[in-house]
2 protein chains.
Amino acid sequence: MSAASTPEPSRRDELLAIAAGLFAERGFKNTTVRDIADAAGILSGSLYHHFDSKESMVDELLDTFQTELWKQYDAITASDLTAKGKLTAIVRASFDAIDHHHSEVAIFQNDAAYLTTFERFGYLAERNRKFRTLWVGLLEDGVASGELRSDLDVELVYRFLRDTVWVAVRWYRPGGSLTPADVADQYLTILLEGINQ
Amino acid sequence: MSAASTPEPSRRDELLAIAAGLFAERGFKNTTVRDIADAAGILSGSLYHHFDSKESMVDELLDTFQTELWKQYDAITASDLTAKGKLTAIVRASFDAIDHHHSEVAIFQNDAAYLTTFERFGYLAERNRKFRTLWVGLLEDGVASGELRSDLDVELVYRFLRDTVWVAVRWYRPGGSLTPADVADQYLTILLEGINQ
DNA sequence: GTCTATAGAAGGATAGAC
DNA sequence: GTCTATCCTTCTATAGAC
């Protein structure tokens, strides 16, 4: 029986975490089932006792992560913050995700475009649409309320913001000197105020 | 004999362009030599009359592109613009590259991390270091001269800037309604002035 | 410059023993 | 839950004819 504070991860969870790290580091296609098995100290065939396929591993990783992330986004959306307040909160939540679910975010950043070409991963495209609707809506609300400047192309600002946040997974390392809050604050300062003196 | 205005591309160049498009679209690892041959209307074995290997194709693409890009960067560096002026010029040159060498930039964005693990592509890491030195130097000069604000982490601004520019290759489509100059101007406005009202 | 034919390696996945 | 053993597919690359 496992301690209440840190429930013992199942073997399945351990294997999934190992796969996540490798997928994030080398990419989905560049990681073989033999790589995963080696890292886990077992043989590749044994993986299939736990998972149907390599695809189902990455599927489970991305789906679980995205479901959790959207719980946070939905809570922020439903809050009574202003548009700018919500934008800020979502940026912070996203950097937290980069910190706490680094592998999943990296996989999403690097391999989503490829995975989306399979029907199985159709939910990724759907979530992207939802994400765009959320961001663009908040940006438009911010412009309408006078919080944000009105002379910029909202669609372009959206892409700028989205990419800027998620691409940070490429250099951010959990456990380093910068906390996700540090990074989020500096990014928000640049985004909101610019780097001009 | 070819017309002087548009020199006829060699068969080799045609094949390289086809490979570039596929690498950019699906990723290097997800593109097979059969895919390239199919797209060119020949059989995969025939590719090896023109190229040593699949790796040498992507190598030639990236090396040629980077050499050309750095000619522009070096010219900007050597100019008598202010630090901020140089930063602006480099951002514009980079968006031009996204426009004119879309495939190469996409390959670099998506596959460089993987390719760098081979000695053959060591020059990619070297160019990255050179790029960092250039950007960080300009940002520091801008702060020193009072053109740029001094309360931000220069290293972090550098990463922000670098990623923001290059990741645009994911959504920017050459020939669309936005010119590279349009995008560069809006990005520079956000970066320099922010989106606050 | 391309085709036929195929070698040789590496990959995902399975069946059944332990 | 893991191992042994192996199948089948896919992939890069080669040799020689046309």
Side-chain angles (χ1 to χ4, degrees), chain A residues 1-2 7-63 107 110-111 114-121, chain B residues 1-2 7-63 107 110-111 114-121:
Chain A
M1 187 152 315
S2 60
E8 201 137 318
S10 67
R11 182 61 171 147
R12 184 188 160 80
D13 290 342
E14 284 177 1
L15 295 172
L16 206 49
I18 288 168
L22 291 173
F23 290 155
E25 203 179 303
R26 326 180 171 176
F28 177 70
K29 194 82 179 191
N30 293 321
T31 304
T32 70
V33 293
R34 286 180 177 87
D35 289 336
I36 301 169
D38 282 353
I42 59 178
L43 291 183
S44 63
S46 306
L47 281 176
Y48 291 83
H49 173 71
H50 303 275
F51 305 96
D52 281 347
S53 65
K54 189 174 105 165
E55 256 188 23
S56 75
M57 290 188 216
V58 79
D59 192 358
E60 186 168 334
L61 284 166
L62 290 179
D63 191 27
I107 297 166
N110 297 327
D111 291 309
Y114 167 67
L115 294 173
T116 308
T117 61
F118 303 100
E119 316 96 71
R120 169 171 205 166
F121 295 94
Chain B
M1 185 149 319
S2 59
E8 201 137 318
S10 67
R11 182 62 171 145
R12 184 189 160 79
D13 289 342
E14 285 177 2
L15 295 172
L16 206 49
I18 289 169
L22 291 172
F23 290 155
E25 204 179 303
R26 325 180 172 176
F28 177 71
K29 193 83 180 191
N30 293 320
T31 304
T32 71
V33 291
R34 285 187 179 89
D35 290 336
I36 300 168
D38 282 353
I42 60 178
L43 290 182
S44 63
S46 305
L47 281 176
Y48 292 83
H49 172 72
H50 303 275
F51 304 96
D52 281 347
S53 65
K54 188 174 106 167
E55 255 187 24
S56 74
M57 290 188 215
V58 79
D59 192 358
E60 186 167 334
L61 284 166
L62 290 179
D63 191 27
I107 296 166
N110 297 326
D111 291 309
Y114 167 68
L115 295 173
T116 308
T117 62
F118 303 100
E119 316 95 72
R120 169 170 205 165
F121 294 95

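Residue numbering restarts at 1 for every chain, and letters A, B, ... go by the order of the sequence lines.
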Item to complete: Name the nucleic acid region contacted by I42(B), choosing base, sugar-phosphate or nothing; use a 4.0 angstrom heavy-atom cut-off, strictly under.
Response: sugar-phosphate
Worksheet item: Roughly, in whole Å, what's the span from CZ in R34(A) to P in dT6(D)?
Response: 14 Å
Item to complete: Taking D35(B) for its side chain and T32(B) for its backbone only, find out whether a donor-acceptor pair lies under 3.5 Å.
Response: yes
Practice prompt. Side-chain contact test, heavy atoms from C-beta onward, threshold under 4.5 Å: evaluate it for I36(A) versus L15(A) and give yes or no.
Written response: no
Worksheet item: How many angstroms lie between atom CD of E14(A) and atom CD1 of I18(A), to the nearest 0.5 angstrom?
Response: 6.5 Å
Practice prompt. Check each of L22(B), L115(B), I107(B) against F28(B) using the side-chain contact (heavy atoms from CB on, under 4.5 Å) test, and report the only one that passes.
Written response: L115(B)
Item to complete: Could you list by number each residue of residues 16-24 of chain A showing a heavy-atom separation from DNA chain C of less than 4.0 Å, or answer none if no residue does?
Response: none
Response to the item:
Nt span of DNA chain C in reach of chain A heavy atoms at under 4.0 Å, 5' end first, is dG11(C) to dT14(C)
Item to complete: State which residue, out of E60(B), H49(B), H50(B), fulfils the side chain to side chain donor-acceptor pair (under 3.5 Å) condition with R12(B).
Response: E60(B)
Practice prompt. Would you classify S10(B) as touching base, sugar-phosphate or nothing, given that sugar-phosphate means primed atoms plus P, OP1 and OP2, and contacts are heavy atoms under 4.0 Å?
Written response: nothing
Fill in: Flag side-chain contact, heavy atom, 4.5 Å: D111(B) against V58(B)
no
Worksheet item: When you check the side-chain N and O atoms of S10(B) and D13(B), is any donor under 3.5 Å from an acceptor?
Response: yes
Item to complete: Drop me the distance from K54(A)'s NZ to Y48(A)'s OH, to the nearest 0.5 angstrom.
Response: 8.5 Å
Fill in: Minimum-distance pair of heavy atoms, taken over all atoms of A40(B) and R11(B)
O-NH2, 3.3 Å
Discussion item. Looking at R26(A) and T31(A), would you say the former's side chain and the latter's main chain have a donor-acceptor pair under 3.5 Å?
Written reply: no
Worksheet item: In terms of the nearest nucleotide of DNA chain D, which residue is placed more toward the 5' end: F28(B) or R11(A)?
Response: R11(A)
Item to complete: For DNA chain C, determine which residues of residues 48-63 of chain B have any heavy atom closer than 4.0 angstrom to one of its atoms, and list them numerically.
Response: H49(B), H50(B)
